[in-house]
Colleague: 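Here it is: the structure, laid out below.
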Amino acid sequence: MSDTATIDPVLREQVVETICDLLPRVLKREVAGASETTTLMDDLGMSSTTGLELVLELEDRLEREISVEDLGRDNFETVGTLADYVAGNLLPEEE
């Protein structure tokens, strides 16, 4: 698992914005005021199925593959924790 100190803050911010942007689509309802501190399961009632769908949508939007090997429930605590995971676990772009 990657160290949060090695995460590019610009990339992380982009991931946070992308997650917030994708939430209404994945949850199929309005999501007002989602931010880095929004808890995905508690505030939004996200299930493991919608969590997986969100990760797949993120890969599409970011045009990068995300390593899901270490992805666990803890990573879905908040938008911020998911962004930390995604920003730290993007697979290198294929040439």
Colleague: I want to check something: taking the side chain as every heavy atom from C-beta on, are Ile19 and Arg61 in contact at a cut-off of under 4.5 Å?
Modeller: no
Colleague: At their closest point, which heavy atom of Leu62 faces which heavy atom of Val15, and how far apart are they?
Modeller: CD1-CG2, 4.2 Å
Colleague: Is it the case that more than 12 heavy atoms not belonging to Arg73 sit under 6.0 Å from its CZ atom?
Modeller: no
Colleague: Evaluate side-chain contact (heavy atoms from CB on, under 4.5 Å) for Thr78 paired with Thr37, printing each intermediate quantity in order.
Modeller: CA-CA 6 Å; Thr78 65; Thr37 57; 5.7 Å; no
Colleague: Write down the atom of Leu71, the atom of Val55, and the distance for their closest heavy-atom approach.
Modeller: CD2-CG2, 3.8 Å
Colleague: State the CG-CE distance between Leu52 and Met46, to the nearest 0.5 angstrom.
Modeller: 10.5 Å
Colleague: Does Thr18 form a side-chain contact (heavy atoms from CB on, under 4.5 Å) with Val86? I'd like the steps, not just the answer.
Modeller: CA-CA 11 Å; Thr18 305; Val86 170; over 6 Å; no
Colleague: Taking all atoms of both residues into account, what is the closest heavy-atom pair of Glu69 and Tyr85, and its distance?
Modeller: N-OH, 4.0 Å
Colleague: Can Val31 and Thr38 be said to form a side-chain contact (heavy atoms from CB on, under 4.5 Å), step by step?
Modeller: CA-CA 10 Å; Val31 178; Thr38 302; 5.8 Å; no
Colleague: How close do Thr81 and Glu77 get, heavy atom to heavy atom, and via which atoms?
Modeller: OG1-N, 3.4 Å
Colleague: Walk me through whether Leu23 and Leu40 qualify under side-chain contact (heavy atoms from CB on, under 4.5 Å).
Modeller: CA-CA 9 Å; Leu23 285 172; Leu40 297 170; 4.0 Å; yes
Colleague: Kindly compute the distance separating OG1 (Thr50) from CE (Met41), expressed to the nearest 0.5 Å.
Modeller: 7.5 Å
Colleague: Does the distance from a Lys or Arg side-chain N to an Asp or Glu carboxylate O, for Arg12 and Glu36, drop under 4.0 Å?
Modeller: yes
Colleague: Identify the two heavy atoms, one from Leu58 and one from Ile66, that lie closest to each other, and give their separation to 0.1 Å.
Modeller: CB-CD1, 4.0 Å
Colleague: How many angstroms lie between atom CZ of Phe76 and atom CG of Leu44, to the nearest 0.5 angstrom?
Modeller: 12.5 Å
Colleague: What are the two closest non-hydrogen atoms of Cys20 and Ala34, and how far apart are they?
Modeller: SG-O, 3.5 Å
Colleague: With rounding to the nearest 0.5 Å, note down the distance linking CD in Glu59 to CG in Leu90.
Modeller: 8.5 Å
